[in-house]
Novice: 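Below is a structure I'd like to ask you about.
Proteins get letters first, then strands, A, B, ... in listed order; numbering begins at 1 in each.
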Amino acid sequence: MTPPATKVTPISGFPELLPADRLLELHFLDTIREVFELHGFAPLETRAVEPVERLLGKGGDADKEIYGVSRLAGEETGRDADLGLHFDLTVPFARYVLEHAGRLQFPFRRYQIQKVWRGERPQEGRFREFTQADIDVVDVGELAPHLEAEMPLVVAEAFRRLPVGEFRIQVNNRKVPEGFYLGIGLTDVAGTLRVVDKLAKIGPRKVTEQLVAAGATEEQARLALALADIRSGDLSFVDEVRALGVSHPTLDEGLRALAAVVAAGAEQAPGTLVADLSVARGLDYYTGTVYETQLVGSEEWGSVCSGGRYDSLASDGRTTYPGVGISIGLTRLVHLLVAKRGLTASRSTPAAVLVAVVDEESRARSGRVAATLRGRGVPCEVAPSAARFGKQIRYADRRGIPFVWFPGTDDAGDQVKDIRSGEQVDADAATWTCPAQDLRPAVVTRD
RNA sequence: GUGGGUGUAGCUCAGCUGGUAGAGCAUCGCGUUGUGGUCGCGAGGGUCGCGGGUUCAAGUCCCGUCACUCACCCCA
């Protein structure tokens with residue numbers, strides 16, 4: 001019986017990688033995880049689903065992007081509570097904190113690397129299923145402000161260990177534009193932010209047009225644009241904002257908080273943190289500090305890492321657990337580096353050595369060589385068939401496996417060949433050393 | 001959800017004013033019966049996205065539909 005020939009097609013927004021690219025992604029994942037653990041974040045995984053009502057209203061328009069989960073043969077009556085796939089890792093984490101508060105120690109630091117789902121229209125670098133690598137800290141009642149500076153610095157450390165090139169983490173505090181807009185009489189804070197955020201994309205003229213169309217005066221639009229134009233790697237942005245002559249208590253509060261974050265960044269990782277007063281987006285639950293990250297030279301890719309502070313996401317009505325976190329868009333980051341910068345892994349398998357098979361009678365001997373190599377930490381595999389050596393070498397070559405091991409016949413000893421150079425030398429599996437740079441797949445640029 | 005573009009081999013694509021499918025790359029085999037990459041020869045592989053219509057005849061023209069894709073929205 002042959003199954004019906006179902007057309008095999010990709011599903012838009014659900015990316016799948018080839019082995020070499022997945023190895024690259026795993027390298028990123030391992031590096032990020034190592035840095036997170038070096039900073040003492042505890043590992044956590046939450047279930048993929050939450051009650052839909054817990055997901056709703058947390059991400060602004062994200063509501064309509066939530067994927068619901070149901071049984072195909074589910075009955076209308078007596079069905080399970082409505083479940084939805086989480087669209088980020090912060091909302092489930094907030095729920096987890098409430099659920100386990102009695103068994104956690106605060107401030108609680110955790111990292112979480114998982115798939116999330118958003119039912120939006122896919123585009124280059126935007127997916128419906130993707131992986132986020134998230135760190136957060138929550139505390140009870142009050143959250144120390146210095147944690148807002150720590151989050152981006154941890155990410156910066158991870159990024160410095162990865163082949164992403166130069167990057168810039170932009171920081172803002174939502175209270176700055178909020179207080180500023182209120183100070184100049186613009187009461188639609190969210191709407192104004194949404195328009196101003198398009199500045200880089202559509203230019204100041206169109207932003208002004210849209211602001212005026214939304215009810216702002218020319219002068220209000222001018223000031224809003226002037227604020228969005230301010231950015232600095234030091235504290236000079238404070239004076240620049242002051243120079244615009246607007247005052248409001250919320251603005252003062254925001255400037256103070258932002259200055260503290262930028263000062264800490266400038267001291268601990270000069271050049272990586274930049275105050276950028278045009279950054280204001282992200283999910284609705286952010287209440288203060290917000291982050292966005294661009295790779296220098298690839299700003300059009302959008303943010304590859306964002307986050308912020310949320311003061312009221314986790315609350316049981318009596319106790320509130322304010323938190324701050326940041327999330328690396330691993331799927332977007334890796335996808336764009338592969339597609340746009342030609343990054344990949346040097347081979348399509350972890351194996352560093354292919355152990356050749358002389359004939360099927362001696363397969364066990366090849367197996368013993370492989371076991372010895374593995375015992376010494378050298379990833380290897382045994383050739384699938386005792387074909388001519390030319391074919392066995394080609395098997396390795398196609399996969400990028402750098403070494404082919406030839407078990408000796410009769411009294412002859414083993415030999416190992418570096419198929420890139422063609423050099424072949426006597427070798428003993430119990431003592432041979434694989435060059436460190438060949439032990440694991442390396443990051444390389446295609447072509 | 002709204003608007004544009006595109007659907008032909010595993011991949012990238014050609015196929016003109018309709019006349020029963022082609023190239024390059026990839027894969028596999030042979031030349032090369034323990035040593036690959038080059039080169040040469042050969043082979044396999046297609047309901048031309050799907051459904052309907054026009055026609056003697058449709059990959060080609062018309063309608064519908066689905067998928068992919070780009071932009072808006074929103075965001076990692």
Side-chain angles (χ1 to χ4, degrees), chain A residues 4-15 18 28 32 58-66 86-90 113-134 155 190 193-195 197-198 201-202 206 210 279-284 286 290-295 301-308 325-336 354 356-359 362 366 383 385-410 412 415-424:
Chain A
T6 310
K7 189 91 174 176
V8 176
T9 57
I11 301 178
S12 178
F14 291 80
L18 291 171
F28 275 63
I32 289 165
K58 298 297 182 1
D61 285 347
D63 282 11
K64 64 186 180 203
E65 298 176 352
I66 295 169
H86 56 225
F87 59 85
D88 75 353
L89 300 178
T90 309
I113 302 174
Q114 282 180 248
K115 287 276 171 64
V116 304
W117 295 267
R118 293 181 195 173
E120 58 189 329
R121 274 303 226 270
Q123 282 172 46
E124 176 89 271
R126 306 182 49 202
F127 304 100
R128 299 198 286 194
E129 176 180 75
F130 58 99
T131 299
Q132 290 195 322
D134 212 290
V155 169
L193 279 176
R194 206 176 312 122
V195 175
D197 190 71
K198 298 181 194 169
K201 208 172 203 173
I202 64 176
K206 292 215 165 182
Q210 292 190 17
V279 170
R281 306 278 294 297
L283 298 166
D284 274 2
Y286 296 130
V290 287
Y291 318 103
E292 243 180 53
T293 308
Q294 324 272 336
L295 297 193
W301 294 359
S303 177
V304 293
C305 172
S306 338
I326 193 164
S327 185
I328 300 172
L330 185 71
T331 306
R332 167 179 290 180
L333 182 64
V334 171
H335 172 89
L336 289 170
L354 175 75
V357 175
V358 176
D359 47 41
S362 69
S366 296
S385 74
R388 339 187 306 255
F389 283 174
K391 287 194 182 179
Q392 300 196 41
I393 291 169
R394 194 168 60 162
Y395 177 96
D397 188 41
R398 292 284 159 85
R399 291 161 178 74
I401 299 172
F403 296 100
V404 176
W405 192 281
F406 297 105
T409 49
D410 302 323
Q415 293 200 312
V416 66
K417 179 191 186 83
D418 182 332
I419 64 174
R420 296 161 299 188
S421 64
E423 186 191 13
Q424 186 166 334

Novice: For A/Lys198, report the nucleic acid contact type (base, sugar-phosphate, nothing); a contact means any heavy atom under 4.0 Å.
Specialist: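 Here A/Lys198 touches the backbone only, sparing every base.
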Novice: When syn is taken as a glycosidic angle within 90 degrees of 0, is B/rG34 syn or anti?
Specialist: syn
Novice: Are the side chains of A/Arg332 and A/Trp301 in contact, using a 4.5 Å heavy-atom criterion?
Specialist: no
Novice: Quick one: does A/Phe406's side chain get under 4.5 Å of A/Gln392's, heavy atoms only?
Specialist: no
Novice: For A/Arg128 and B/rA67, what is the distance between atoms CZ and C1' respectively, to the nearest whole Å?
Specialist: 11 Å
Novice: Closest approach to the side chain of A/Ser12, judged atom by atom: which nucleotide of B/rC68, B/rG34, B/rG36 is it?
Specialist: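 The answer is B/rC68, which lies nearest to the side chain.
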Novice: So if I take every side-chain heavy atom of A/Asp397 and compare against B/rU35, B/rG29, B/rG37, which nucleotide ends up nearest?
Specialist: B/rG37
Novice: Take nucleotides 1-13 of chain B nucleotide by nucleotide from the 5' end and write B, S or -, depending on whether a protein heavy atom sits under 4.0 Å from the base, only from the sugar-phosphate, or from neither.
Specialist: BB-----------
Novice: Establish whether the base of B/rU69 is bridged to the side chain of A/Glu124 by a donor-acceptor pair shorter than 3.5 Å.
Specialist: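 Per atom types, no contact qualifies.
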Novice: Between B/rC74, B/rG36, B/rC28, which nucleotide gets closest to the side-chain atoms of A/Arg126?
Specialist: B/rC74
Novice: Just checking A/Gly422: base, sugar-phosphate only, or nothing, at a heavy-atom cut-off of under 4.0 Å?
Specialist: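 Base, at least one base heavy atom under 4.0 Å.
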Novice: Can you measure A/Leu336 atom CG to B/rA76 atom C1' for me and round it to whole angstrom units?
Specialist: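 Result: 10 Å.
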Novice: So with a 6.0 Å cut-off around CD1 of A/Ile11, is the heavy-atom count from everything else above 12?
Specialist: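 Incorrect, the count does not exceed 12.
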Novice: Name the orientation class of the two ring planes belonging to A/His335 and A/Phe127 (parallel below 30°, tilted from 30 to 60°, perpendicular beyond 60°).
Specialist: perpendicular
Novice: Treat a base pair as Watson-Crick or G-U wobble with both distances under 3.5 Å, then lay out RNA chain B in dot-bracket form, 5' to 3', with | for cross-strand pairs.
Specialist: (((((((..((((.....[..)))).(((((.......))))).....(((((..]....))))))))))))....
Novice: Looking at the side chain of A/Tyr286, which of B/rG36, B/rA76, B/rC68 is the nearest nucleotide?
Specialist: B/rA76
